[in-house]
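Chain naming here is simple, since letters A, B, ... match the order of the sequence lines and numbering starts at 1 in each.
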Protein chains: 2
Amino acid sequence: MGEKVYVGVDLGGTSIKVGLCDINGKLLHTYEGPTGTEHGADVVLENIASYVRKLISDTSYDWEQVAGIGAGIAGFMDIPEGFIKLSPNLGWRNVPVKKILEEKLGKTVKIDNDANVAALGEAWSGAGAGIPNLVCYTLGTGVGGGIIIGGKIYQGFKGMAGELGHMRLVPDLEAIQCGCGMNGCLETVSSATGIIRMAKEAVERGEHTSLALVEGIMAKDVFDAAKSGDDVAQRIVNRAASYLGKSMAMVSVILNPQRYIIGGGVSKAGDILFDAIRHYFHEYAQETASEGVDIVPATLGNDAGVVGAAGLNLHS
Amino acid sequence: MGEKVYVGVDLGGTSIKVGLCDINGKLLHTYEGPTGTEHGADVVLENIASYVRKLISDTSYDWEQVAGIGAGIAGFMDIPEGFIKLSPNLGWRNVPVKKILEEKLGKTVKIDNDANVAALGEAWSGAGAGIPNLVCYTLGTGVGGGIIIGGKIYQGFKGMAGELGHMRLVPDLEAIQCGCGMNGCLETVSSATGIIRMAKEAVERGEHTSLALVEGIMAKDVFDAAKSGDDVAQRIVNRAASYLGKSMAMVSVILNPQRYIIGGGVSKAGDILFDAIRHYFHEYAQETASEGVDIVPATLGNDAGVVGAAGLNLHS
């Protein structure tokens, strides 16, 4: 019946991406279609099933070779049960994803949250291949995290491990409230949202910066301005990087991972961000806990989600 | 040949305690003798070997039933190699403990650091029995830590996981230098040393406290004064507890363990300490990461070290 292959599903609010991987995490083929969020969970799950069937029929692989299907979803969930408790961006409450997809597709289905799945993708065949213990940050609208221990996603007691964006690192006097309700979370500063907020505040304060001329500032504008030597933009980038470096210094005395991988849209800023994170990490970290530890960009880009989801049936 | 038994060695600067455990971590018998630190590593290792032989000969178990020997040692070490790099309290540098003890005793020997071993003891048959993922704090001269994942000690890349005393949580303006060279480490505040320092500083500042009458203040004096309603002592206990609670809130969004276990001399303070730690933990922690999580005292007391050391051959 040929080699086994693994299907990953990256379920986003606007599109669903499905991908087929071999046993080494090599992405063989992908397919993408609209989510249909507005039509409700039943339609979305039927869309997933049809995209997965289409994915396989587009290749020379047989359906029998599919050894398992995994899905990465943003939201709160019961991972062992495969049950979505709440997914704000899909508008879902209490959807038994695993059960429904297993009925539709006749294959084992596993689900996990999007940040964990991206971490597993990078650990399997991306920037962390061959490194058993690593920690992955995903810098986007928020700051997501995934902890890989022994090549597997570490979930913790109630699946809350790796919520790195909610490390409360910002001192009280400078802290603002996070979407989670607490103050001073890492993601209030080091996410795209945090970077944009700091830039807008600087402009509103009348600081001398080229960002004052930009309509609808994006995180990329801040990095571009910093690269061009804009002092205010450089200060904002340094602040975002300093809390990432501090958080890694903290994680290092707790978990002492071998590698930190940073992915997500913000990570595309490149050296200006990574050099600053490395600087602050080594400034704050205990020497023995940071010795030989590296901080590297994710390499799978937008494919990390499908690859990691495909890996759920092998590495969880 | 009968059931298998496991030997644990708790190697301290002044005395060596050895213990025999059954396969469930039940402590069957112990023996204790002087370390002989002043005579050097060769004599200390020979003492260990003779105490272990004595331990077994004092019981009805046969030497053949001993399935493995473990030792907990304070210091920096290469755990897989069983090699002590530096142990300040023993005055050792580069001592191949595993190799020498295996030659002397003809059994498999594993070593680990004292805080990890205490955590494993509590996880095996103490306050964490049956809980797969937990984090253990040992409050003594410093603040030690041990991370248990899947019932085993989690070491990290270079054995630096669980160095919880070196989480830098104290804000810069209030931070003092730690023995490790960094500023603001948890153990500068929440260890016996930290509590004594804060008490002495309060007395020196002339604050109104019953501790002014105590010669050679110990941590116990501070807790006793706090229990008697001394405001200054209560403030010091709260400060020590608040950083412990904060550190657990931080660990919870990273690892989401099911239970925190607190051992070591300071933990004997009881409810006055634990109630305050729980209060601050729930004040700082993300709700979902702290849901159902408990904070409990260690139950093995001074036996945690020998029990955990005995467990190294079963759970590592």
Do the side chains of B/Asn256 and A/Lys158 get nearer than 4.5 Å, heavy atoms only?
-> yes

Looking at side-chain heavy atoms only, is the closest gap between A/Gln286 and B/Cys180 below 4.5 Å?
-> yes

Tell me, side chain or backbone of B/Met167 under 4.5 Å from chain A's heavy atoms, or both, or neither?
-> both

Measure distances from A/Ile149 to the heavy atoms of chain B and classify the residue's part below 4.5 Å as side chain, backbone, both or neither.
-> side chain

Proximity breakdown for A/Pro257 and chain B, heavy-atom pairs closer than 4.5 Å = backbone

Answer yes or no: does atom CG of B/Asn94 have more than 12 heavy-atom neighbours from other residues, nucleotides or ligands under 6.0 Å?
-> yes

Below 4.5 Å from any heavy atom of chain B, which atoms of A/Glu287 appear? Answer side chain, backbone, both or neither.
-> neither

More than 12 heavy atoms of other residues, nucleotides or ligands under 6.0 Å from CZ of B/Phe76: is that the case?
-> no

Report yes if the side chains of B/Leu255 and A/Phe157 come closer than 4.5 Å at any heavy-atom pair, otherwise no.
-> no

Answer yes or no: is there a side-chain heavy-atom contact under 4.5 Å between B/Val253 and A/Leu164?
-> no

Is the closest side-chain heavy-atom distance between A/Met250 and B/Leu169 below 4.5 Å?
-> yes

ring-ring contact (aromatic ring centres under 6.0 Å, His included) partners of A/Phe281, counting only residues at least two apart | A/Tyr260

With a cut-off of 6.0 Å (strictly less than), are more than 12 heavy atoms of other residues, nucleotides or ligands near CD of A/Glu81?
-> no

Turns out that what part of A/Ser247 lies under 4.5 Å from chain B's heavy atoms comes down to neither

Counting heavy-atom pairs under 4.5 Å to chain A, which of B/Ala161, B/Cys185, B/Gly156 comes out on top?
-> B/Ala161

Exercise: identify the closest heavy-atom pair between A/Ile254 and B/Ile254 = CD1-CD1, 3.6 Å

